[in-house]
Amino acid sequence: MCQTSIITNRVERLSKRSYSHRLDVATPNRYHVTQLVRLNRELDSLYEFIYDDWRTITEEDYKMFGGQFVILIQTIKQLYDACKKQPKAMGLNEETKRLGMNYSALYELNSDIVNFCIKMPKNEEMKKALQHLAEVDKRLDGTSKA
């Protein structure tokens, strides 16, 4: 069961935080690696939380948090680009790589939700193909037990 309100609150909070980080990284001597470490930890946690339930997310659920989730992903990408431009002396390299991986993971997770939970159930051809595969799977299961 999708916990939409919890996802919505976490996405909203992280959107605000990542936007604030974007502003901080643009100001000289204002951004520190510890801030990025904490943000990455929270992004990891958000990813795991959504990933555990992503197959149960409905279109109605996604309408609650999807817009903000897309904004979060875009903001993370912008923060990643800004961090990559920072001098190596700031010590952001490893955490910037991790931020890039978080961006990729959240982007893919969002794509999976949109394509497999929202679009696929509406696609009649895909429904028929999945039913056919399920039938084939059942037949193969029956022959392997014999």
Side-chain angles (χ1 to χ4, degrees), residues 1-26 30-86 90-146:
M1 163 132 192
C2 177
Q3 299 176 0
T4 310
S5 61
I6 296 171
I7 293 171
T8 302
N9 290 337
R10 290 179 77 175
V11 166
E12 184 178 312
R13 188 182 71 240
L14 279 169
S15 291
K16 290 176 184 176
R17 183 165 293 134
S18 61
Y19 181 76
S20 174
H21 282 244
R22 265 189 57 223
L23 296 176
D24 287 349
V25 81
R30 184 156 183 193
Y31 198 63
H32 304 285
V33 70
T34 55
Q35 291 171 275
L36 193 52
V37 169
R38 183 173 175 214
L39 179 65
N40 274 324
R41 220 176 300 141
E42 291 180 42
L43 291 170
D44 289 341
S45 176
L46 176 68
Y47 173 83
E48 290 172 11
F49 187 79
I50 296 174
Y51 184 81
D52 287 343
D53 273 348
W54 79 269
R55 289 174 186 88
T56 65
I57 295 174
T58 65
E59 186 171 3
E60 291 76 31
D61 294 333
Y62 190 74
K63 284 179 184 177
M64 299 285 287
F65 70 87
Q68 192 68 37
F69 194 44
V70 169
I71 290 170
L72 170 63
I73 293 167
Q74 291 169 345
T75 305
I76 292 168
K77 174 70 168 114
Q78 293 165 348
L79 176 60
Y80 170 73
D81 291 339
C83 287
K84 279 183 20 181
K85 295 176 184 174
Q86 296 303 309
M90 286 185 68
L92 297 175
N93 286 346
E94 288 304 312
E95 288 302 318
T96 299
K97 288 177 189 173
R98 188 170 159 208
L99 183 65
M101 290 188 296
N102 275 321
Y103 163 75
S104 294
L106 291 169
Y107 181 89
E108 288 298 320
L109 182 58
N110 185 60
S111 294
D112 288 348
I113 292 167
V114 169
N115 291 318
F116 296 111
C117 297
I118 297 171
K119 290 182 179 178
M120 192 181 319
K122 295 178 183 177
N123 185 327
E124 289 304 317
E125 266 185 58
M126 189 59 73
K127 278 184 186 177
K128 289 178 185 175
L130 289 173
Q131 287 172 344
H132 178 70
L133 287 172
E135 290 170 10
V136 168
D137 192 40
K138 283 181 186 177
R139 279 187 252 142
L140 290 174
D141 238 10
T143 59
S144 66
K145 292 178 183 175

>> Checking K77 against I73 for the side-chain contact (heavy atoms from CB on, under 4.5 Å) test, could you report, in this order, the C-alpha distance in whole Å, the side-chain angles of both residues, the deciding distance, and whether it holds?
In response: CA-CA 6 Å; K77 174 70 168 114; I73 293 167; 5.8 Å; no
> Where do K63 and E60 land on the salt bridge (charged side-chain N to carboxylate O under 4.0 Å, His left out) test, with the steps shown first?
Replying inline: CA-CA 5 Å; K63 284 179 184 177; E60 291 76 31; 5.3 Å; no
> Under the side-chain contact (heavy atoms from CB on, under 4.5 Å) criterion, do F69 and L106 qualify, and how do the steps go?
Replying inline: CA-CA 9 Å; F69 194 44; L106 291 169; 4.0 Å; yes
> Going through the distances and angles, do L36 and Y31 end up as a side-chain contact (heavy atoms from CB on, under 4.5 Å)?
Replying inline: CA-CA 8 Å; L36 193 52; Y31 198 63; 3.4 Å; yes
> Step by step, would you call E12 with K16 a salt bridge (charged side-chain N to carboxylate O under 4.0 Å, His left out)?
Replying inline: CA-CA 6 Å; E12 184 178 312; K16 290 176 184 176; 3.4 Å; yes
> Under the salt bridge (charged side-chain N to carboxylate O under 4.0 Å, His left out) criterion, do K128 and E125 qualify, and how do the steps go?
Replying inline: CA-CA 5 Å; K128 289 178 185 175; E125 266 185 58; over 6 Å; no
> Can L92 and L99 be said to form a side-chain contact (heavy atoms from CB on, under 4.5 Å), step by step?
Replying inline: CA-CA 10 Å; L92 297 175; L99 183 65; over 6 Å; no
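The backbone N or O of T58 sits less than 3.5 Å from a side-chain atom of D61, completing a donor-acceptor pair. No donor-acceptor distance shorter than 3.5 angstrom exists from the side chain of S45 to the backbone of R41, with no hydrogens or angles considered. With hydrogens and angles disregarded, no donor-acceptor distance shorter than 3.5 Å links the side chain of D137 to the backbone of L133. Using a distance-only test at 3.5 Å, with no hydrogens or angles considered, no donor-acceptor pair links the side chain of N110 to the main chain of V70.
Salt bridge status for K97 with E94: present, with a side-chain N to carboxylate O gap under 4.0 Å.
The shortest distance between side-chain heavy atoms of I50 and I57 falls below 4.5 Å. Using a 4.5 Å cut-off on side-chain heavy atoms (C-beta onward), L72 and Q68 make no contact.
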